[in-house]
Amino acid sequence: MNLKSIITPKTSTIVLITALLLINSNIAFAQRPTWGQREWSAFSQLIPVKTDKKIKFKVQVDIKVIGGNEKNKAGLWVRVDNLPGAEYGFFKSNDSIISSDWKTYTIEGHIDQNAEKIYVGGLCNYNAKFYFDNFRFYTQNEKGEFEKFNLKNPGFEKTVINKDIIPDWIRGISNERKIRIEGFTYQSTKDANEGNYALLIESKNVKKDSSNFIRQIDGYNPQIGTLVSMLNNLSTRVEREVKMLNQREIDHLFDEKANSIGALIMHLAAAEAYYQVVSFEDRDFNEEEQKKWGIALDLGDKARETIKGHDVEYYLDIYKEVRKKTLEELQKRNDKWLNEGGSSRNNHFNWFHVMEHQSSHLGQIRFLKKRIPEDEKIKLPDEKVD
């Protein structure tokens, strides 16, 4: 660690700890982000921070937009994340930038004693060419003067790698939520306001993400269509959370009582398959179905022993195939069917339970995902450690 990168301004009590941002930039590149679909994309840089009093800061950046309008617009944003348990920190976004000329945009705010880190970054909405150059970050000293803090690659002179990686920047809004949005490409351009290069984000055919709208769907009765939109929203979130994981990550066991992420995906498929036969055929699993789904449905030691050794697509293909049958069967039903069922629960409750079951295990998957060791030399569960 380069101690020179730990800066304590002589005239203020703020400490900006850049050494903790990335010990090795290659580590950041190795942490694969998830892919998503929506109408906006963002990038950011993390600045760990510590202060014993309220400090004023200022962020500036040069931006222009080719093809900007009230819908296609860029933005500068800043967020202060406070320590866990503290009140929310400062947040502001200037997301209405449409000028085709290079202009400087500024956000000013405060950091207080609860601050843990600051994110600064850019934002793009819909379809245009968005140019960013020359980010600046300043903190105010006790004399009321702004002192410049050296961000990493502030003018994007380190060029974009494979239209994908921005050196020293994060694709997304936080280090924990790296996400790449379909339709947005990141590249370096010589059309810079300062220096040799700037960042160009070009977006084409980007459409508003409708997955977060609970609504009726064509081809289904009104209430069933609403139910389907909720089911699909949850399954999309499960898929988005896991689809970039490799086999080591999918098979990892947090402890001897934990379930792997792969086993949890299989469990979701098994539970949905069970409620298919309960609600569509008014029965339990037969012997063949129990043999196919029983271990995944029950989890435990047998699941830990047998559900492993596959890539994530193996599990997602099974999960999607089960959902395909669910949608086909629900399309055959009407809203009246939702109120039918046994004496203790109706079909509407059965499929509500499928949704809450997915939501519960999605939270578990996120917990397990955050605790997967990054060291690729970590042994898989079935390997012996000398």
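Please read these numbers as outputs of a predicted model, since none were measured by experiment.
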> Do Val59 and Phe146 belong together in a cluster built from hydrophobic side chains that touch within less than 4.5 Å?
no
> Considering only NZ, NE, NH1 and NH2 on the basic side and carboxylate oxygens on the acidic side, decide whether Arg333 and Glu340 come within less than 4.0 Å.
no
> Can you check whether Phe349 reaches Ser344 side chain to side chain, under 4.5 Å on heavy atoms?
no
> Do Thr326 and Glu272 have side chains that get closer than 4.5 Å, going by heavy atoms?
yes
> I would like to know whether Ser41 and Tyr186 meet side chain to side chain donor-acceptor pair (under 3.5 Å); could you show each step before the answer?
CA-CA 10 Å; Ser41 179; Tyr186 284 58; 2.9 Å; yes
> I'd like to know if Lys332 pairs up with Glu329 as an ion pair, taking the criterion as any Lys NZ or Arg NE/NH1/NH2 lying under 4.0 Å from an Asp or Glu carboxylate oxygen.
yes
> Verify whether one side chain among Thr106 and Gln60 offers a donor that lies under 3.5 Å from an acceptor in the other.
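The answer is yes; a qualifying pair exists.
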> State yes or no: are the ring centers of Tyr274 and Phe285 separated by less than 6.0 Å?
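Ring centres of Phe285 and Tyr274 closer than 6.0 Å.
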> Do you know which two heavy atoms are closest between Phe130 and Ala74, and how far apart they sit?
CD2-CB, 3.7 Å
> Taking the six-membered ring for Trp and the single ring otherwise, decide whether the centroids of Tyr126 and Trp40 are under 6.0 Å apart.
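That pair fails the under 6.0 Å test.
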> With a 4.0 Å cut-off on N to O distance, would you call Glu281 and Arg283 a salt bridge?
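Judged by the 4.0 Å cut-off on N to carboxylate O distance, Glu281 and Arg283 do form a salt bridge.
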> If hydrophobic clusters are built from ILVMFWY residues whose side chains come within less than 4.5 Å, do Val312 and Tyr314 share one?
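Yes; Tyr314 is reachable from Val312 via cluster members.
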> Does this structure show an ion pair linking Arg136 with Asp62, if we count only N-O contacts that are shorter than 4.0 Å?
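Looking at Arg136 and Asp62, the cut-off is met.
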> Tell me if the centroids of the rings in Phe57 and Phe137 come within less than 6.0 Å of each other.
yes
> Ile111 versus Ile118: any side-chain heavy-atom pair under 4.5 Å?
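In short, these two side chains touch, coming nearer than 4.5 Å.
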> Whether Asp95 and Lys73 form a salt bridge (side-chain N of Lys/Arg under 4.0 Å from carboxylate O of Asp/Glu) is what I want to check.
no
> Any side-chain heavy-atom pair from Val80 and His110 closer than 4.5 angstrom?
no
> Begin from the C-alpha positions of Gln247 and Asp311 and carry the test side chain to side chain donor-acceptor pair (under 3.5 Å) through to its verdict.
CA-CA 5 Å; Gln247 184 185 327; Asp311 61 22; over 6 Å; no
> Are any non-hydrogen side-chain atoms of Tyr131 and Lys129 less than 4.5 angstrom apart?
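Yes. Closest side-chain heavy atoms under 4.5 Å.
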> Using a strict threshold of under 4.0 Å (side-chain N to carboxylate O), is an ion pair present between Lys369 and Glu249?
no
> Please check if the distance between the ring centroids of Trp351 and Phe280 is under 6.0 Å.
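Distance test on ring centres: under 6.0 Å, yes.
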> Taking the basic N atoms (NZ, or NE/NH1/NH2) and the acidic carboxylate oxygens, is any pair closer than 4.0 Å for Asp191 and Lys64?
yes
> Tell me the closest heavy-atom pair linking Gly122 and Phe135, and the distance in Å.
N-CZ, 4.1 Å
> For Phe43 and Phe132, I'd like to know if the aromatic rings sit close, meaning centre-to-centre distance below 6.0 Å.
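Yes: the rings meet the under 6.0 Å criterion.
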